[in-house]
Structures are given as structure tokens and as C-alpha cells.
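Step one of this worksheet: look at the structure below.
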Amino acid sequence: MTNEPPIVKNILHAGQKYIPIADGSKAHFHFQTWKLGKERVLLDDSKKIGKKEPMVLVIGHKFKLEAWETIVKLMAVGEVASFKVKKELVYSYPFVSKTLRELGKDKHVIKHACTMTLQTEGIGYDDLDELISNPCDLEFIIELLKVERADEYKKDLWQLNTEERLQLIPKLKEKGNNLYGQKAYDEAEKKYHEAISILEQLMIRERKSDDEWKDLNKIKLPILLNYAQCKLVNGDFYSVIEHCNTVLEYEPDNEKALYRRAKAHVGAWNPDQAEDDFKRLKSLNPTMSTIIDKELQNIKKLRKEKENEDKNVMKKLFVNESGVGDS
């Protein structure tokens, strides 16, 4: 029985002064993975697989391959080192490798590896299938490029806790408002969509009857209206109708939702529904009568134009069907 430790480090190139890496830090590194045994075989090189970019590991977030987190914590920035790791610590490597190899690839050509296909067809790479069937020790050659403390980079959404996500929502809304004011409608739409997505992720954890869900919905509805306005500007009328329907489900007298849905109905050429929304809005807010009367007059004008268009189409159709002009 051997007393050899599960991870053996050998420094190939010394780095800067060693500084402990705290949880939440991002470690950026290149790696090579070598299969050990009778022959030493290269499996992966981060400079050649996937996006050919450095690996980025968030320390303390339970990455599938825990050995990598242990390894990185033993290194200094700028250091290059070899780590020989016992097979018991790297059983998950084939699945990590598959993911990294397929980064940036067309999703349609990526083979899905569920339990059934794993047993019958493998995961789509012969060398990784062999490693699953016959696990062995691996050697990782790691070059630690840089380490960012948690307060030095913008966290990805999955790293944020509930409180941090809630604090982010008004900031995203404000950015969206500023972008909309600058007529950067597509960028504003993205900010509103991001805020809505966060809210919906939080809402899915609650029941609709709970006060927490209702409070989150109250925050969501005004942002959804702003999002709908961006869609309206870009002529995505059916999306506007859908989102305004959602708002009006909870706030039947919401004037902005009625007005934006009415405008979208005009754009989608649903004149009856548009008239209904404008008339309801007029009854709710008589001070808007002048604006709404102009909108109703415009619908009347558009109806007339549509009727004339349809008549002309029918005339042409009748002429063609009667054979006039045939040789």
C-alpha cells in the first residue's frame, strides 16, 4: 500500500509571491491534461479546444472537478506547475472535458449525453469514453495567469444571492430608462429583459398567493411596460399585446398598458380591439380625450384605406377570372 499523496505538485516555472486565494475569487489559467499509464497521452490543451481561451474558475462554488480548485489554491500568479492526481479525484474529468471541448460549437452538432446514451453510445469522444471505462491517474500542467478578487469583477448572475439580485433590479431599470432616453431602444430592451428575468427567477420560488410573490410582481409590472414600449417602437406588435395583457391581468385600469396595447392592435391591424382599448382609456381618463379622438379618427381613416385596397384587389381578381385580356 502506497503512502503517496493524492495530489503531487512539481513547479516548472516559479511565479510571483504566493498570496492565498479567497472564496469568490476568479482564477484564470491555461491547462494541459495528460493521461498517465504505460504511455503519457495528451487529452486536452486549453489553447486548442473549445474557444481556445483560458479556463475561468470561481473559487468556492463547487466546480464539478474539485481537484482543480485544490490545485489552483496551491499556486502563485505566473506560476507553471505539474500536478499528478490520483484517479479517485478525477472520475468527473471526462464530462468536464466534453463540456470544455464543445464550448462555442453549434448546438445542433453537440451530442447529448444522458444516462441511456452514455451506456449505449458513450459521450461522443473515444478517448473520453476509454477514460470512463478505464479510469487512471491524470497529470494537469497549469499556468495560472491571473486572479481577480470578488470585489474586482462584475459577478455573473448565478453568483448573486437573493439580496444582491434584488439590489440589481432597480439599477438595470435605471440603465434601461437612460438608454431609452438616448433612443438606444435595443440596448434598453436588453436591460429591461435582464431585470424581468431576474424577477421571474425569484418569483418561481414563491407561490402566487404569497405576499413575497405579489411584491415581486408589483416591481415587475412597470418594467414589463417599459419593455413593451421598446417592443412597440421596434414594431413587435404581438409581443406588446402579450405583455400588456399580463399587466392588465393584475391592473385592469393601467392606462399605459391600455394605450400601448391599443397602439399595438393598430399596428397588428386589429381595429376593433384597438377601438375598445382607446374607448376604455377615454372613460378612465377623460383628460386624454383629444389624443384618443385623434387615434380613433386615424383608425377610421385606416379602415377606409383598407376597404379601398380590398375593393381594388377584388376588381383585379374579377377581371382576371372573367378572362378579359386573355390571348
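Counting begins at 1 with the first residue of the sequence.
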Less than 4.0 Å between a side-chain N and a carboxylate O, is that true for Lys263 and Glu295?
yes

Within a reach of under 6.0 Å around CZ of Arg40, are more than 12 heavy atoms found that belong to other residues, nucleotides or ligands?
yes

Between Asn285 and Tyr259, does a side-chain hydrogen bond (donor to acceptor under 3.5 Å, both in side chains) hold up when you go through it step by step?
CA-CA 11 Å; Asn285 188 352; Tyr259 185 77; over 6 Å; no

For the side chain to side chain contact (heavy atoms under 4.5 Å, CB included) test, which of Leu179, Ile223, Asn177 pairs with Lys191?
Leu179

Using a strict 4.0 Å threshold on nitrogen-to-oxygen distance, state whether Asp137 and Lys86 make a salt bridge.
yes

Using every non-hydrogen atom in the two residues, find where Glu69 and Val58 come nearest and quote the distance to one decimal.
OE1-O, 4.3 Å

Could you tell me which non-hydrogen atom of Val247 sits nearest to which non-hydrogen atom of Ala257, and how far apart they are?
CG1-CB, 3.9 Å

Just verifying a value: how many Å separate Glu249 CD and Asn254 CG, rounded to the nearest 0.5 Å?
13.0 Å

Do the non-hydrogen side-chain atoms of Gln167 and Glu163 ever get within less than 4.5 Å of each other?
yes

Can you find a heavy atom in the side chain of Tyr93 that is under 4.5 Å from one in the side chain of Leu138?
yes

Looking only at non-hydrogen atoms, find the nearest pair between Glu79 and Ala81 and report the distance.
OE2-CB, 3.6 Å

The salt bridge (Lys or Arg N to Asp or Glu O under 4.0 Å) partner of Asp277 among Lys282, Arg261, Arg260 is Arg261

Would you tell me whether Glu130 and Asn134 have side-chain atoms, one donor and one acceptor, within less than 3.5 Å of each other?
yes

Shortest non-hydrogen pair, Leu100 vs Trp68, comes out as CD1-CH2, 4.0 Å

Going by side chain to side chain contact (heavy atoms under 4.5 Å, CB included), Phe83 matches just one of Ile141, Leu74, Val72. Which one?
Leu74

Nearest heavy-atom pair of Ser82 and Glu139: which atoms, and what distance?
OG-OE2, 2.6 Å

Between Val8 and Glu4, which heavy-atom pair has the shortest distance, and what is it?
CG2-OE2, 3.7 Å

No-hydrogen, no-angle side-chain donor-acceptor test under 3.5 Å, His13 and Glu143
no

To the nearest 0.5 Å, what is the distance between CZ (Arg303) and CG (Asn298)?
11.5 Å

Should the pair Glu242-Lys231 be classified as a salt bridge under the 4.0 Å nitrogen-to-oxygen rule?
no

